[in-house]
Amino acid sequence: MAFLDYAPAPESTSILSLREDYRLWIGGEWVTGGGEPFASVSPSTEQQIATFAYADEGDVDAAVRAARAAFRDVWGPMSGRDRGKFLFRIARILQERARELAVAESLDNGKPIRETRDADIPLVAQWFFHCAGWADKLDHLGLGAAPRPHGVAAQVIPWNFPLLMLAWKVAPALAAGNTVVLKPAETTPLTAMLFAEVCEQAGLPAGVVNLVTGDGATGAALVRHPDVDKVAFTGSTAVGREIAKALAGTDKKLTLELGGKGANIVFDDAPLDQAIEGIVDGIFFNQGQVCCAGSRLLVQENVHDAVMDRLKERMATLRVGDPLDKNTDVGAINSSEQLERITRLVDRGVAEGGEAWSPACELPQEGYWFAPTVITGVEASSTIAREEIFGPVLSVLTFRTPDEAIAKANNTPYGLSAGIWSDKGSRVLAIADKLRAGVVWTNTFNKFDPASPFGGYKESGYGREGGVQGMQAYLKAGER
Amino acid sequence: MTSTSAALAPAERAVQLLGSDLSEVALRRHLEGLPAVDAVGLEARAARFGTRSIKTSSKAQALDLAIRMIDLTTLQGADTRGKVRSLVAKALVPDANDPSTPRPAAVCVYGDMVGHAVEALGSAWSAGKDDGINVAAVATAFPAGRASIEVKLQDTRDAVAAGADEIDMVIDRGAFLEGNYGKVFDEIVLTKEACRRADGSYAHLKVILETGELHTYDNVRRASWLSILAGGDFIKTSTGKVQPAATLPVTLLMLQVVRDWERLTGERIGVKPAGGISTAKDAIKHLVAVAETCGEAWLDPKLYRFGASSLLNDVLLQRQKLTTGRYSGPDYVTID
């Protein structure tokens, strides 16, 4: 056996003690949903993990009422210091149960255990710790003395980072004094249910967090509920647009974190070996199912061939397969629908003249898989340079001058993320200034920090999550 | 800083790459035109190798490979004939309880101990052939390298004459930091020439960069490239006398250089981290970095070595654990 065919190193699932069916978590109780329960499967095996209750309008209403009562009677009146204690306790329990949560997330989402273990779950705990620290310091957020929470927050999150997106939503909302009703994605509800257990363990008062599982209709009922004060959504631009329309004319506050088509710009003086790593992390992290993925690679023409040679060599060392194997770099695509979308867009890209390349890799028979792919010869007008693929597919464009790089990077309806690779500090700063993207990484990519605001320009949404701005979104100025 | 344009000693590789009128200026332009290194990214990549999980059959393979790559080393002022004999005995029989245990690649000693090492190895000495244990000697006024070139060359010739199969030389870090790349280059070329035996063959030349004294990754990349251009067969991180010695990021950077050199010329250069690698776990991280950076071809004692003394026993303990399922303890492996 060649050394590089590392012997299997599977993370054990014995740490999990899952139920066969999960109910809704409303007002601190596990309640049966009004709709037909649905199953969540493991994308790497297509095996059913558990069934989940389906929340209909009545359930959503009950959840909002529970959240309202908790806001009015318990959480709203509670001092920031005491709210902080609960959040710190949740953060610590999340750390204690990190391995279990990582396994559950990998199982349900299909992403490699290396990522859930080293990125997702540590960030989840960090987010709760960060926000817990704000709970008694709201006066220092720039909103004047004693800013007030909105009330009940309705939160709808996607399937790509299930527990991390929950943390991004729940932690600041609770720290600011809001109560929440959260709907996890239909294909990845598992870790939200485990989060309910964590809240129970922490003794969080009933109704402060409520979880309703279901599909788009459940989410629509939640954000439209008249007694909701604040809506936070992360997901597709199409759904974000629907929500914005539905909320128009109401006094609900809204933040949207939507799609992206991030440009990763490589100049000829870039630290080349590190740039290759950054390109790989930018597009193959979480199988490219990342809204801020560096899915458009913009390479200076004079280093295009050198970059492509090295990138392909590096891609050949990516290990695709069992998400629970500790040596897996690229796991399964989250659902058959998503796999179909990726396949369709890649076919379109090739039909429009792009040249697709993937390293030789054996994909498992069961489950949803797509080999890491790079498409060269993509023009700014190509579909795959415009549309978000949300998969492990990198579109490669070239540029000749810094101005052309900026123009091409900004020539997209989106504006969530961008990356710059150059050894020249002055150039990096000058270009970052001109990129219309919410996050610009320099000589790195896909790095997240609870202290740093994250959000988009244009069709990538509005509002920021993380940092001071992320806290402000859950507060209004105090009344004098 | 001197920047003479005087012709440098001819080295085949440098002439092929930079042209026949090899000057200090040409050398400087070339080295300073190498792609930059981003420290944060390099260290993050190195750390990623450490998260690979090498288990069961892969671990067994890695442990045996690690042993075969060890240059079992003693470099003390207090070295005696007895100490060298003891070191050689350990190299000959690393684990008396398990005859299937492979032997290390070489023993590494000071130049004046080469004769004693050769004698102690007896028929197990490779004497330049493919099987057997090599004798490696540190030379060129190791570890500081602060001596005249004549002294450094005589040091080298003495070791080669005594039977050294491999010479571990140190570069002149002072000259390198002064920007006097030409002096460093010339000394490597001359040392290589001093490695020539009477029959025209050469002792293998390992060039020690002493990365702990070069401080920046950009310097390490330039020094690596410079050493290869001047004719080094191996580039080696450290003497083991300066901290930090062989860190994984530094080793990774040097692996990237030899990979790039192969891409450019088709020629394979070896890498030897030395100092600070004392556990089997560390060694396995290195092997992962080697395989994933340069490919399986580099998993060969001809192209990768560990300069170490205490590493061997830790690998042996891990090896025993794989065989018996139990950890023993330091009294179940022999000291040298």
Side-chain angles (χ1 to χ4, degrees), chain A residues 1-11 112-115 117-119 266-282 285 303 305-307 309-310 313-319 324-329 419-425 428 441-447, chain B residues 32-66 69 216-218 221 249 252-257 259-260 262-264 284 286-300 304 322:
Chain A
M1 187 174 92
F3 178 68
L4 278 173
D5 302 334
Y6 302 139
E11 180 70 60
I113 186 80
R114 175 172 72 76
E115 290 180 7
R117 180 195 66 197
D118 297 346
V266 179
F267 286 97
D268 60 1
D269 68 340
L272 214 51
D273 287 308
Q274 287 74 49
I276 299 297
E277 288 308 309
I279 295 167
V280 166
D281 282 341
F285 178 61
V303 287
D305 293 353
V307 168
D309 286 351
R310 283 159 192 263
E313 203 174 281
R314 176 68 178 91
M315 282 170 67
T317 68
L318 289 172
R319 309 171 66 82
L324 286 173
D325 190 300
K326 286 177 251 183
N327 291 323
T328 293
D329 296 315
I420 307 170
W421 295 85
S422 166
D423 201 39
K424 193 167 178 175
V428 164
W441 285 291
T442 61
N443 294 332
T444 190
F445 212 94
N446 273 342
K447 289 279 181 291
Chain B
E32 291 179 357
L34 294 170
V37 185
D38 182 77
V40 175
L42 177 71
E43 287 166 11
R45 176 71 178 135
R48 180 81 61 88
F49 292 126
T51 70
R52 287 293 193 212
S53 191
I54 307 302
K55 300 291 182 203
T56 58
S57 57
S58 293
K59 187 171 182 181
Q61 198 181 352
L63 293 176
D64 279 7
L65 193 54
M69 287 174 167
T216 71
Y217 291 125
D218 285 317
R221 170 167 284 177
L252 169 60
L253 176 56
M254 290 163 66
L255 285 165
Q256 288 169 344
V257 171
R259 178 206 59 199
D260 289 350
E262 191 208 18
R263 199 198 306 267
L264 194 68
I284 291 173
H286 276 259
L287 296 182
V288 168
V290 172
E292 294 200 22
T293 307
C294 295
E296 301 245 357
W298 255 266
L299 294 178
D300 183 330
Y304 203 74
L322 273 188

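Everything quoted here is computed from the prediction, not taken from an experiment. Side chains included, hydrogens not; waters and symmetry mates left out as well; all remaining heavy atoms used. Residue numbers begin at 1 in each chain, while the letters A, B, ... track the order of the sequences.
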Check your understanding: If you count heavy-atom pairs under 4.5 Å between each of A:A275, A:A7, A:A9 and chain B, which one has the most?
Key -> A:A7
Review point. So which of A:N327, A:N443, A:T444 has the largest heavy-atom pair count under 4.5 angstrom toward chain B?
Key: A:N327
**Study point:** Residues in residues 34-44 of chain B that sit under 4.5 Å from chain A, counting heavy atoms only
**Key:**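 Those residues of residues 34-44 of chain B which have a heavy atom under 4.5 Å from chain A are B:P35, B:A36, B:V37, B:D38, B:G41, B:L42.
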Practice item. Of all the heavy-atom pairs spanning B:A291 and A:F3, show the shortest one and how long it is. Key: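 Heavy-atom minimum between the residues: CB-CD2, 3.9 Å.
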Is [X] reaching over with its side chain to a backbone N or O of [Y], donor-acceptor style, under 3.5 angstrom?
{"X": "B:W298", "Y": "B:Y304", "answer": "no"}
{"X": "B:T51", "Y": "B:R48", "answer": "yes"}
{"X": "B:T293", "Y": "B:A289", "answer": "yes"}
{"X": "A:T317", "Y": "A:R314", "answer": "yes"}

Sort [X] into side chain, backbone, both or neither according to what part of it lies under 4.5 angstrom from a heavy atom of chain B.
{"X": "A:D423", "value": "side chain"}
{"X": "A:D268", "value": "neither"}
{"X": "A:D325", "value": "neither"}

Check your understanding: Of the backbone (N, CA, C, O) and the side chain (C-beta and beyond), which part of B:R52 lies under 4.5 Å from a heavy atom of chain A, both, or neither?
Key -> both
Point to revise | Interchain contact, B:Q256 with chain A, by part (heavy-atom threshold 4.5 Å) | key: side chain
Check your understanding: So which of B:E296, B:K55, B:Q61, B:K59 has the largest heavy-atom pair count under 4.5 angstrom toward chain A?
Key -> B:E296
Check your understanding: Which one of B:L287, B:T56, B:V288 has the most heavy-atom pairs closer than 4.5 Å to chain A?
Key ->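 Answer, by heavy-atom pair count under 4.5 Å with chain A: B:V288.
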Does any part of the side chain of [Y], heavy atoms only, come nearer than 4.5 Å to the side chain of [X], both counted from C-beta?
{"X": "A:F267", "Y": "A:I420", "result": "yes"}
{"X": "A:R114", "Y": "A:T328", "result": "no"}
{"X": "B:F49", "Y": "B:L252", "result": "yes"}

**Study point:** Electrostatic pair A:D309-B:R263, nearest N-O below 4.0 angstrom
**Key:**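 Result for this pair is no, no salt bridge flagged.
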Point to revise | A:R319/A:D5 ion pair, N-O < 4.0 Å | key: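 No salt bridge links A:R319 with A:D5.
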